[in-house]
Amino acid sequence: MPQTEIKPILAKAGIKFEDSLKNAGVKGAIAVLVDGREFDLSDVPEKDALVEAILLESARGTKILRHSAAHLLAQAVTEIFPDARPNAGPPTDDGFYYDIDMKAINQEEMESVEKRMREIVSRNLKIQKEVLSKPDLLKKFSHNPYKIDKINENVPDGGASSVYVQGGFVDFCKGPHVPSTGYIKAVKLLSVASTHYKADETRPMLVRIYGTAFPDDKALKEYLRNREEAVKRDHRKIAQEMDLLVFNSERAPGFPLYTPNGLVLKEELTGFMRKLNRKHGWQEVATPHIYRDTIWKQSGHYAKYKSDMFLFTLEDGDSYGVKPMNCPGHITIFEREPKSYRELPVKYCEAGTVYRYEKSGEVGGLTRPRMFTIDDGHAFLRLDQIVQEVRDIMYMIKETFSSILGEAQLTYDLSVIDRDNPGNYLVTYKCASCGTQIETRRVSVSDELTCPNCSSTDLKPDFSTWDQATDQLRDALDSEGLKYTENPGEAAFYGPKIDVHVKDALGRMWQLSTVQVDFFMPTNFGLYYINSESKHDRIIMIHRAVFGSYERFMAILIEHFAGKFPTWLAPLQTYIVPVSEKFNDYAQKIHAKLIDEGIRAQIDLGSETMNKKIKTIRKMRPSYILVVGEKEQNDGTVSVRNRSDRQSVMPADEFLRKLKDEIKSYRLDQSI
RNA sequence: GCCACUGUAGCUCAGCAGGUAGAGCAGCUGAUUCGUAAUCAGCAGGUCGGGGGUUCAAAUCCCUCCAGUGGCUCCA
């Protein structure tokens, strides 16, 4: 293991960090850390400071390396294409990119850029920091409007900032960087994409080149292997091989059609969730796919998501919308009769299929379809019941993923309101002159609100409901001992939420579960309960989903297991191959027995050779392949080949017993 | 929606200095009856994503629309 931590040393004022490190006998540093801030080795401290060496192999060091690799990329590009205007090139979690204003480049050109990068590495150019005044900066980058923008945004008048020079290339940058291009030993360009300047779709497109860099070749190779593995596991490819779904881009672009195999998988997951819901007191309901548009106006979806909905008007003039959400349906069921405080919480759930018109460039596979099924749940409860309910949901979530994925690693996000932009959310406003309260969502920040009572325009947002909801979520997380990060501005328009991310077998994090507290939709629909004093009281709603979308979760499972599902999920659990036609009867007897016991079993009575049958069925990823011939027929046994191609022979009854047990217990590995 | 790339048989792909399509697998027919990753032979299968244009002639060149992929934006 490379050493990644070194004891801090004292750096004297006026002496370059690199010299202080050298004097202290510290080797291999590429930058230093002082009070949490990173500096170049060539920087000179103004006063004595305790410094920590940053080694290339550390997380910080690798990030610096990648940042330098981004500069290297820009240098190579500008050497080959002198007209290219680099914009920005940051490191990312697993690599780096650089956005450059240039003509789109193809594969060969990208390879020549990469070749040039290696060549610049072998030149081992010194990467030197210079500090320039603002006018000098503007002059130096006068040919590059993007850098001019950046300088004007980041450097105050009369101020100065650093640039980094390597050979003939110079970039406006805070740094730090590795001391020379020779440090960038393991670098690889990965892909070309395009992006809008400042992520603003009205601005010009830039070419974004992605790449990655690692401290050594071995780490790079391993990363590339993982990437290849991810491509091999692509759910679209495996779903095709296992015959799970059909996408017909002409007839229904973005809409998955389930084949028999695919439906087995979805129904197994639905069954799992049904059982869990029952255990936790969620009652199953079913609601229509189409409603009058008035319900969407009332829920607030229409105002915000109209253009993303499938809407239509009939000849008689009635307008309808296909549901993009299940909540209004559940509300409609809930409000059928008044509820007493004693009856709460009321919890409805549904595997509810919703339809959203995702824009053409956004649809893709199962991760972003236009039709998907949510394991949706809506709890209607009292203010004092939130914490307990959220805790129970967090428990359900943990139960689900540890059961389906094994030792699942979960992380939690708490998304809260951005107080500076209340216009994005449904917020209570209080009139400063007459005290009237209204709950509304401004369409744009410039929208002036007027008091419906006194027509005053002096309305102040009141965040107390948001604060209450958010505090309850914090409470629930804290009392379950869960660590979480808070994200201001990421809340839903009707309330704060907890999102749960799950790590898959390739180390990727996926956002799956979500728990959202909603004070506003119950208000929009006038929901109430009768409290112990016979008065109306406000209903609180919790929206929750554990899998999120079945389709997306299936995609994740396919890639997580590489299609080799645990037996309970596998569309094909047993595949039976007779050694030759002579043993068809015995094979059919076994098959009939398995079918009778509810096993998803198939038998192959074709005239192909046994070898070929085994070969061709592999893409279906059966849990078990049974080969039966003379020996098995005589002994009443089966020859079993499992997912890892391990073979064994056992009595047919024993196989069936173990198989049933494995399925019933949702077992992840194989018992045979 | 924006940018780039791609679209040829059910699947994977070849053909593209313009001369109206080819392979493997899958399928069908026949032979083969086999002990754990491809038995042999034959047959059939495509108005080359749709539309328009240039040309004597378009899968191939041009325009346009649709769709897929990688990104950007968005994601109730």
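Worth knowing before you read on, the calculation uses all heavy atoms, side chains too, and leaves out hydrogens, waters and symmetry mates. Chain naming here is simple, since letters A, B, ... match the order of the sequence lines and numbering starts at 1 in each.
- C3(B) atom P lies 14 Å from atom NZ of K359(A), rounded to whole Å.
- Remark: P of C75(B) and CG of N487(A) are 14 Å apart, rounded to the nearest angstrom.
- Side chain of Q670(A) to backbone of S623(A): a donor-acceptor contact under 3.5 angstrom is found.
- For the residue pair R292(A) and S319(A), no side-chain donor N or O sits within less than 3.5 Å of a side-chain acceptor on the partner.
- Spacing of C1' atoms, G51(B) relative to C66(B), comes out at 10 Å, to the nearest Å.
- Checked against E241(A) for a side chain to side chain donor-acceptor pair (under 3.5 Å), the options R236(A), K619(A), R621(A) give a single hit: R621(A).
- The ring of Y146(A) has its center closer than 6.0 angstrom to the ring center of Y197(A).
- Rounded to whole Å, atom P of G70(B) lies 13 Å from atom CD of E362(A).
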Exercise. Which dot-bracket string describes RNA chain B (Watson-Crick N1-N3 plus N6-O4 or O6-N4, or G-U N1-O2 and O6-N3, all under 3.5 Å; [ ] crossing; | other strand)?
Worked result: (((((((..((((.....[..)))).(((((.......))))).....(((((..]....))))))))))))....
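- Summarising the geometry, the separation between CD1 on I498(A) and C1' on A76(B) is reported as 18 Å, rounded to the nearest angstrom.
- Contacts classified as salt bridge (Lys or Arg N to Asp or Glu O under 4.0 Å) and involving residues 570-581 of chain A (residues at least two apart or in different chains) are not found.
- Among the nucleotides A37(B), U12(B), A76(B), the one closest to any side-chain atom of K615(A) is A37(B).
- Rounded to whole Å, atom P of G68(B) lies 10 Å from atom CD of E250(A).
- Nearest to the side chain of R641(A), among A37(B), G1(B), G68(B), sits A37(B).
- OP1 and OP2 of A76(B) both lie 4.0 Å or more from every side-chain N or O belonging to Y357(A).
- If you find the closest nucleotide of RNA chain B to G365(A) and to Q516(A), the one lying nearer the 5' end belongs to G365(A).
- At a cut-off of 3.5 Å, with distance as the only test, no side-chain donor of D376(A) or H543(A) sits close to an acceptor on the other residue.
- A donor-acceptor contact under 3.5 Å is formed by the side chain of E632(A) with the base of G35(B).
- In this entry the distance linking CE of M620(A) with P of C11(B) reads 16 Å, nearest Å.
- For Y412(A) and D499(A), the side-chain atoms include no donor-acceptor pair closer than 3.5 Å.
- The only option from R508(A), K564(A), R233(A) that meets the salt bridge (Lys or Arg N to Asp or Glu O under 4.0 Å) definition with E559(A) turns out to be R508(A).
- Across the interface with RNA chain B, nearest-nucleotide mapping of K631(A) and D234(A) shows K631(A) to be the residue nearer the 5′ end.
- In this model, the phosphate group of G70(B) is approached by a side-chain N or O of R236(A) to a distance below 4.0 Å at OP1 or OP2.
- Closest heavy-atom contact between A74(A) and Y98(A): CB-CE1, 3.6 Å.
- Side chain of R618(A), nearest nucleotide from G68(B), A76(B), A37(B): A37(B).
- Computed from coordinates, the R368(A) CZ to G70(B) P distance equals 13 Å when rounded to whole Å.
- Nucleotides G24(B) and A38(B) have their C1' atoms positioned 12 Å apart, rounded to a whole Å.
- Evaluation of atom-type donor-acceptor distances gives no pair under 3.5 Å for the side chain of R208(A) against the base of C3(B).
- Comparing the P positions of A58(B) and G42(B) gives an interatomic distance of 35 Å, to the nearest angstrom.
- If you take atom C1' in A44(B) and the same atom in C28(B), they sit 7 Å apart, rounded to whole Å.
- For I100(A) and A4(B), the CD1 to P distance is 17 Å, given to the nearest whole Å.
- Going from the P atom of C11(B) to that of U69(B) covers 15 Å, rounded to whole Å.
- Each of A76(B), C72(B), A37(B) was ranked by its minimum atom distance to the side chain of I614(A); first place goes to A37(B).
- Aromatic stacking of Y494(A) on A76(B): not satisfied for centres closer than 5.5 Å together with planes under 30 degrees.
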Restricting both atoms to N or O, compile the protein contacts to nucleotides 39-41 of chain B shorter than 3.5 Å, with distance only.
| residue | atom | partner | partner atom | Å |
| --- | --- | --- | --- | --- |
| U39(B) | OP1 | T609(A) | OG1 | 3.2 |
| U39(B) | OP2 | T609(A) | OG1 | 3.1 |

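- Taking the P atom of each, C3(B) and A59(B) are spaced 29 Å apart, rounded to whole Å.
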